[in-house]
Amino acid sequence: MAQKPTIPKGTRDFNAETVAKRNYIIDTIKSQFQLYGFQPIETPSFENSDTLMGKYGDEGDRLIFKILNSGDYLNKISDSEYNLRSESILTSKISEKALRYDLTVPFARYVVQHQNEIDFPFKRYQIQPVWRADRPQKGRFREFYQCDADVVGSTSLFQEVEFIKLYDAVFTALNLEGVTIKINNRKILSGIAEVIGAQDKLIDFTVALDKLDKIGEDKVKAEMLAKGISQNGIDKLQPLFSLSGDFRNQVESLKTILSASNVGLKGIEELEFIDSAITNLGLKTANLQLDVTLARGLNYYTGAIFEVSAPEGVNMGSIGGGGRYDDLTGIFGLKDVSGVGISFGLDRIYLVLEELNLFPQSVKDNTKVLFINFGDKAALFSLNAISELRSHGINAELYPDSAKMKKQMNYANKRDIPYVVIVGEDELNSNTYALKNMSSGEQQKVPLEDLISKLK
RNA sequence: GUGGUUGUAGCUCAGUUGGUUAGAGCGCUGGUUUGUGGUACCAGAUGUCGUGGGUUCGAGUCCCAUCUUCCACCCCA
């Protein structure tokens with residue numbers, strides 16, 4: 001056969017139904033973003049490599065899609081450089097642009113670049129695709145959408161509170177009840193690292209701790225030991241592994257563990273503030289849960305960190321995450337602009353809603369009425385009526401060919417079009433329309449006004 | 001990046017120790033029905049067996065490579 005075309009690994013085509021469902025999620029998120037006062041911006045699909053490189057750690061750099069320079073990109077390479085066969089040197093020479101890896105770093109670049117036009121605190125949202133050169137898996141793609149909302153230019157903890165409310169509002173609007181919003185604070189993690197004498201191994205420490213619910217206490221300890229954290233330090237962690245009770249109880253235990261760390265105590269203070277505000281305001285359907293093991297890989301977070309997991313029983317990684325970053329724009333030369341933001345993983349939310357069958361019937365509504373085609377004269381008559389219906393906001397269309405009735409009916413059936421209008425000799429003469437309800441099979445001849453009112 | 005897994009009709013899949021012309025169900029097209037769909041009955045079409053190489057008299061089946069799928073790591077939405 002002629003070689004069938006394919007799409008690249010980790011990418012997807014979306015059919016009409018999928019797009020409708022995705023739009024439903026996007027529209028829901030968007031309207032909540034706007035209710036909370038966020039304004040939309042968009043940034044380019046690709047950025048200069050040096051804007052992105054080094055912002056996500058070594059692992060992140062590896063996963064950034066690099067764009068080959070145009071033209072004779074080998075021209076500038078000297079023989080000696082070429083013969084070094086060094087990936088990093090060569091890459092920087094032949095690739096100066098890269099596809100965006102997330103929306104946060106481009107946003108930071110945007111803020112710095114447009115700082116004089118922006119009114120702070122700046123609340124923006126952004127819904128665009130991002131790309132990662134990752135190996136695909138369940139819920140992991142190489143092209144996927146992120147829906148981000150961030151505020152920069154305010155250190156108020158009420159922003160964190162607002163974001164938790166926003167998560168709750170979005171998932172409630174999507175009828176996805178019972179999601180868990182896990183919260184932690186980077187300062188607490190720093191404090192713990194300090195207490196066990198592993199400040200310099202903060203990243204290794206948090207990455208290992210993050211795996212607790214997945215690989216268990218013993219393996220976490222083993223990994224920490226392997227990363228060079230002392231046995232003595234690990235022993236001090238013991239109370240951490242046996243944290244229990246509600247938010248308040250856990251916080252009290254943490255206070256004991258962190259009594260010697262100022263940073264740690266500051267983190268606890270922040271958590272308490274957020275928790276008491278949320279307790280006061282209440283959440284509709286989500287649960288807020290303190291999770292000391294929550295780490296999140298991105299190293300720019302400095303305060304609160306969030307992660308949202310799907311309701312129990314759904315096997316899916318996190319469907320959203322975010323946190324406070326005190327110095328994100330610092331890397332682009334703008335100091336002292338604190339930001340906090342959250343992200344929704346559209347593609348994963350889609351999979352969860354699909355699994356739980358939570359898409360409303362209405363997202364599938366397409367054409368409301370199909371006019372059967374019985375030749376040019378009737379078709380023209382029908383098109384007049386169709387124009388009229390459309391002006392009343394009714395989705396209507398004419399079957400384009402004067403094909404066999406059965407074929408036309410079948411078409412309406414396949415596309416789940418709920419009504420069919422038949423216009424033939426009789427109807428033309430009496431200036432009426434035979435309106436047929438496809439699910440009940442009922443049919444009646446009505447004038448145009450009735451057609452409009454019945455289909456509305 | 002590491003380890004495993006998958007690919008046969010539009011879809012879901014069967015295909016024996018290598019052996020003639022590669023099958024099923026669903027779907028599709030047409031008909032039973034010249035203005036009535038979803039059910040029923042009848043008839044029909046569709047494949048370089050993911051791609052490239054190799055072994056063999058002979059490969060869907062064995063070997064190698066490559067792409068793809070899914071999964072576990074790493075990391076992450």
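Hydrogens, waters and symmetry mates play no part in the numbers below; they use all other heavy atoms, side chains included. Residue numbers begin at 1 in each chain, while the letters A, B, ... track the order of the sequences.
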S.K.: Distance between the C1' atoms of B:G7 and B:G50, in whole angstroms?
M.R.: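 Looking at atom C1' only, B:G7 and B:G50 are 6 Å apart.
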S.K.: When the P atoms of B:C42 and B:G58 are compared, how many Å lie between them, rounded to an integer?
M.R.: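 The same atom, P, in both gives a distance of 44 Å.
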S.K.: Please confirm whether any donor atom in the side chain of A:N413 sits under 3.5 Å from an acceptor in the base of B:G37, or the reverse.
M.R.: yes
S.K.: So, do A:F371 and A:Y399 have ring centers that fall under 6.0 Å from each other?
M.R.: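 No: the rings miss the under 6.0 Å criterion.
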S.K.: Side chain of A:K9, heavy atoms from C-beta onward: which of B:G37, B:U69, B:C75 has the nearest atom to it?
M.R.: B:U69
S.K.: Has A:N184 got a side-chain atom pairing as donor or acceptor with A:V292's backbone, closer than 3.5 angstrom?
M.R.: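 Yes, A:N184 side chain to A:V292 backbone: donor-acceptor pair under 3.5 Å.
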S.K.: For B:C75 and A:K211 - does any side-chain N or O of the residue sit under 4.0 Å from the phosphate oxygens OP1/OP2?
M.R.: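 Yes, because at least one side-chain N or O of A:K211 sits under 4.0 Å from OP1 or OP2 of B:C75.
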S.K.: Using purine N1 to pyrimidine N3 plus N6-O4 or O6-N4 for Watson-Crick, or N1-O2 and O6-N3 for G-U wobble, both under 3.5 Å, which nucleotide pairs with B:G25?
M.R.: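 Paired with B:C11.
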S.K.: Is the base of B:C75 touched by the side chain of A:R140 through a donor-acceptor pair closer than 3.5 angstrom?
M.R.: yes
S.K.: Please report, rounded to the nearest Å, how far the P atom of B:A77 is from the CZ atom of A:F344.
M.R.: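 Taking atom P of B:A77 as the reference, CZ of A:F344 is at 14 Å.
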S.K.: Please tell me if the side chains of A:F171 and A:I181 come closer than 4.5 Å, counting only heavy atoms from C-beta onward.
M.R.: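 SC-SC contact between A:F171 and A:I181 ruled out.
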S.K.: Which nucleotide, if any, forms a Watson-Crick or G-U wobble pair with B:G19, using both distances under 3.5 Å?
M.R.: B:C57
S.K.: Considering the options A:F38, A:F158, A:Y36, A:F306, which one meets the ring pair (Phe, Tyr, Trp, His ring centres under 6.0 Å) requirement together with A:F163?
M.R.: A:F38
S.K.: Where each residue is assigned the nucleotide of RNA chain B containing its nearest heavy atom, which of A:G10 and A:K414 is assigned the position nearer the 5′ end?
M.R.: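 First, find each residue's nearest nucleotide; the 5'-ward one identifies A:K414.
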S.K.: Distance check, C1' atoms only: B:G35 and B:C28, in whole angstrom units.
M.R.: 25 Å
S.K.: I want to confirm an ordering. Mapping A:I319 and A:E223 to their closest nucleotides on RNA chain B, which one lands closer to the 5' end?
M.R.: A:E223
S.K.: With a 3.5 Å cut-off and just heavy-atom distances, do the side chain of A:R135 and the base of B:U2 make a donor-acceptor pair?
M.R.: yes
S.K.: Determine whether a donor-acceptor pair (N or O, by modelled atom type, separation under 3.5 Å) exists between the side chain of A:T367 and the backbone of A:A396.
M.R.: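 Between the backbone of A:A396 and the side chain of A:T367 there is no qualifying donor-acceptor contact (under 3.5 Å).
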S.K.: Give me the distance, rounded to whole Å, that separates B:U69 from B:G30 when you measure between the C1' atoms they each carry.
M.R.: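 Going atom to atom, C1' in each nucleotide, I get 36 Å.
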S.K.: Using atom CD1 of A:I25 as one end and atom P of B:A77 as the other, report the distance to the nearest whole Å.
M.R.: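 Nearest whole value for this atom pair: 18 Å.
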S.K.: When the C1' atoms of B:G4 and B:A77 are compared, how many Å lie between them, rounded to an integer?
M.R.: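 Going atom to atom, C1' in each nucleotide, I get 25 Å.
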S.K.: Looking only at side-chain atoms of A:V207, point me to the closest of B:C75, B:C73, B:G37.
M.R.: B:C75
S.K.: Check every atom of B:A77, B:U68, B:C70 against the side chain of A:R348 and return the nucleotide holding the closest atom.
M.R.: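 Output: B:A77.
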S.K.: Quick one: label A:G320 by what it contacts on the DNA or RNA (base, sugar-phosphate, nothing), any heavy atom closer than 4.0 Å.
M.R.: sugar-phosphate
S.K.: Would you state whether a donor and an acceptor, one from the side chain of A:Q408 and one from the base of B:U36, lie under 3.5 Å apart?
M.R.: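 No pair found.
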S.K.: Counting only side-chain N and O atoms of A:Q137, is one of them less than 4.0 Å from OP1 or OP2 of B:A72?
M.R.: yes
S.K.: Considering every strand shown, what is the Watson-Crick or G-U wobble mate of B:A65 when both distances are under 3.5 Å?
M.R.: B:U51
S.K.: Per the atom types in the model, does the base of B:U36 pair as donor or acceptor with the side chain of A:K436 at under 3.5 Å?
M.R.: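 Yes, a donor-acceptor pair under 3.5 Å.
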S.K.: Among the nucleotides B:C75, B:G35, B:G37, which one has an atom lying closest to any side-chain atom of A:N410?
M.R.: B:G37
S.K.: How far, in whole Å, is B:U6 from B:C70 if one measures between their C1' atoms?
M.R.: 7 Å
S.K.: What distance, rounded to whole Å, do you find between the two P atoms, one in B:G3 and one in B:U66?
M.R.: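 One P to the other, the span is 12 Å.
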S.K.: Any donor-acceptor pair under 3.5 Å between the side chain of A:K138 and the base of B:U69?
M.R.: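 For A:K138, whose side chain was compared with the base of B:U69, there is no donor-acceptor pair (under 3.5 Å).
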S.K.: A side-chain contact here means heavy atoms from C-beta on lying under 4.5 Å apart; do A:N373 and A:Q408 qualify?
M.R.: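 Yes, their side chains come closer than 4.5 Å.
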S.K.: Taking the C1' atom of each, how far is B:U55 from B:A45, in whole Å?
M.R.: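 So the two C1' atoms sit 37 Å from each other.
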S.K.: Are A:Y167 and A:F344 close enough that their ring centres sit under 6.0 Å apart?
M.R.: yes
S.K.: What is the distance, rounded to the nearest whole Å, between atom CZ of A:R22 and atom P of B:A77?
M.R.: 17 Å
S.K.: Round to the nearest Å and state the distance from A:D13 atom CG to B:C11 atom C1'.
M.R.: 16 Å
